[in-house]
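Working notes, beginning with the structure itself.
Start at 1 and go down the list; that is how both ligands and their atoms are numbered. From a predicted model like this one, the values you see are computed outputs, not experimental measurements. Quick note: residue numbers are just sequence positions, from 1. Any value given below was found using the heavy atoms of this structure, including those in side chains, with hydrogens, waters and symmetry copies removed.
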Amino acid sequence: MNILFQPYRLNDTLTLANRVMMAPLTRCMAGPGLVPTEQMAAYYARRADVGLIVSEATIIRPDAQGYPNTPGLFSQGQIEGWQQVTRAVHANGGKIFAQLWHVGRLSHPFFHQGEVLAPSAVAHQGSVPRMRELTYQVPRALTPDEIEQLVRDYGKAAENAMEAGFDGVEIHGANGYLIDQFLHYSTNLRTDEYGDSPQNMSRFALAVVDAIRARIGADRVAIRLSPGAYVHLAADPRDREVFDYLLAQLNQRALAYVHLGIFDDKLTFDYLGGHASDYLRAHYQGNLVGVGNYSPARAAEAITANRFDLVAIGRPLIANPDYLDKVKRGEELVPYAETMLTSLV
Ligand code: FNR
Ligand code: 8K6
């Protein structure tokens, strides 16, 4: 278990106090104007002993929203709200990245009164969780000009994150949201320079990465990816070639880390040849963050076996704000339950 508590040097700019990260966890608790609250600052500050906190997914502009009360990073009020959070985390000796989010076709006009935009006009079947009356709509396919605008909006949100005092940003390229919708054949039917080949399908993700690197420096940029489609979109065996290409490109970009996006890393994917984490390890040479239903013992074992470098912990950190202390002392953890999502403890 000791390996979890070792400091970890990400790069010349950032060294983490230990190898445990807090996974990004949407809590739907932002205040009016999607501004982070004092309660959120206290919630994050209680967990500042982990090596790195990744904030709950944070929308880059109004039409990026797909769930109620998710915080943003596009208004001055939101930047100031996040300043309270980052100050509280830093005061407790922690580090925090902002996870930058656009949900693409999983948005709903209910939240922003605008259009739903995505790579292609393919609807997700179903409705917004806990708001079952909101059925997902057929999105409108983005024009190339609108895609370029989105890239600029990601860059601006990253700049705002730095103004808000974050230590860096994690681009949310996972879990079937906008960037991921470009990376999978089931949601990307484009025949222009953003579709139809691994190179084209990776273009948007790489443009976002490059725009943000140019603004805040590669050492402070990370990306979360789901090479195995498991939620919000369907897998296609051809997706493998897209991720082979994308990861080869990311190898040349010296990011802080790549983070797997998955709920349970016991899942396997035929077209990836097994676990998504092992696939990423084989194709990506930089720092890798594993995640997905890891107990402390299994996480330590996986890091010792060099399957990844850091572990992100999600649900157990909701249930145990003092997760790290408990693990250090060998105390039993409180089991996570969905009912815990209704309050920020
Ligand atoms: C999540 N997860 C998630 N992932 C992400 O990239 N951005 C997010 O905002 C969220 N939000 C979120 C909310 C809630 C309530 C849960 C349970 C999960 C996924 C999360 O980061 C993680 O990958 C999984 O929870 C698996 O890790 P654990 O919980 O098994 O340690
Ligand atoms: C007012 C409180 C409402 C709480 C709603 C919680 C909604 C949580 C949404 C989390 C979405 C991000 C994770 C992706 C879900 C994948 C599920 C397997």
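- Within 6.0 Å of the CG atom in D270, the count of heavy atoms belonging to other residues, nucleotides or ligands does not exceed 12.
- Ligand-side atoms of ligand 1 in range of I313: 31 (O), range being under 4.0 angstrom from any heavy atom.
- Heavy atoms of R224 found under 4.0 angstrom from ligand 1 belong exclusively to the side chain.
- Residue T70 places no heavy atom under 4.0 Å from ligand 1.
- If you number the atoms of ligand 1 from 1 as listed, the ones under 4.0 Å from a heavy atom of V291 come out as 23 (O), 27 (O).
- Backbone and side-chain nitrogen or oxygen atoms of P316 are examined, and none is located within less than 3.5 angstrom of a nitrogen or oxygen of ligand 1.
- Proximity to T26 (heavy-atom distance under 4.0 Å) selects the following atoms of ligand 1: 8 (C), 9 (O), 10 (C), 11 (N), 12 (C), 13 (C), 15 (C).
- Nearest-residue assignment for atom 29 (O) of ligand 1 (options R27, R315, H259; heavy-atom criterion): R315.
- Contact annotation: for A174 versus ligand 1, there are no heavy atoms closer than 4.0 Å.
- Shown are T143, I147, L142; of these, the side chain to side chain contact (heavy atoms under 4.5 Å, CB included) with D145 is made only by T143.
- At a threshold of 4.5 Å between non-hydrogen side-chain atoms, the residues L178 and P119 count as touching.
- In this structure H283 satisfies the ring-ring contact (aromatic ring centres under 6.0 Å, His included) test together with Y279, sequence neighbours excluded.
- Considering backbone and side-chain N/O atoms, A23 never comes within less than 3.5 Å of an N/O atom of ligand 1.
- For A157, the side-chain contact (heavy atoms from CB on, under 4.5 Å) criterion is met by I60, L100, not counting sequence neighbours.
- Within the 4.5 Å cutoff, no side-chain heavy atoms of D63 are placed close to those of V116.
- Ring geometry for F243 against H184 counts as tilted: the plane angle lies between 30° and 60°, on a 0 to 90° scale.
- For the side chain to side chain contact (heavy atoms under 4.5 Å, CB included) with R307, the qualifying choice from L280, D265, L288 is D265, the only one to do so.
- The backbone of I262, and not its side chain, has at least one atom closer than 4.0 Å to an atom of ligand 1 (non-hydrogen atoms only; backbone = N, CA, C, O).
- Checked against the 6.0 Å centroid criterion, the rings of W101 and Y67 qualify as a close aromatic pair.
- Of all the heavy atoms of L25, the ones lying under 4.0 Å from any atom of ligand 1 are found in both the backbone and the side chain.
- Of all atoms in ligand 1, numbered sequentially from 1 with element shown, those under 4.0 Å from a heavy atom of Q99 are 5 (C), 6 (O), 7 (N), 8 (C), 9 (O).
- Stacking of R240 on the aromatic ring of Y271 is not recorded, the 6.0 Å distance cut-off and the 45° axial limit not both being met.
- Some N or O of N293 is nearer than 3.5 Å to an N or O of ligand 1, by distance alone.
- Checking only distances, A57 does come within under 3.5 Å of ligand 1, N or O to N or O.
- Proximity of N175 to ligand 1, defined as any heavy-atom pair under 4.0 Å, is confined to the side chain (atoms from C-beta onward).
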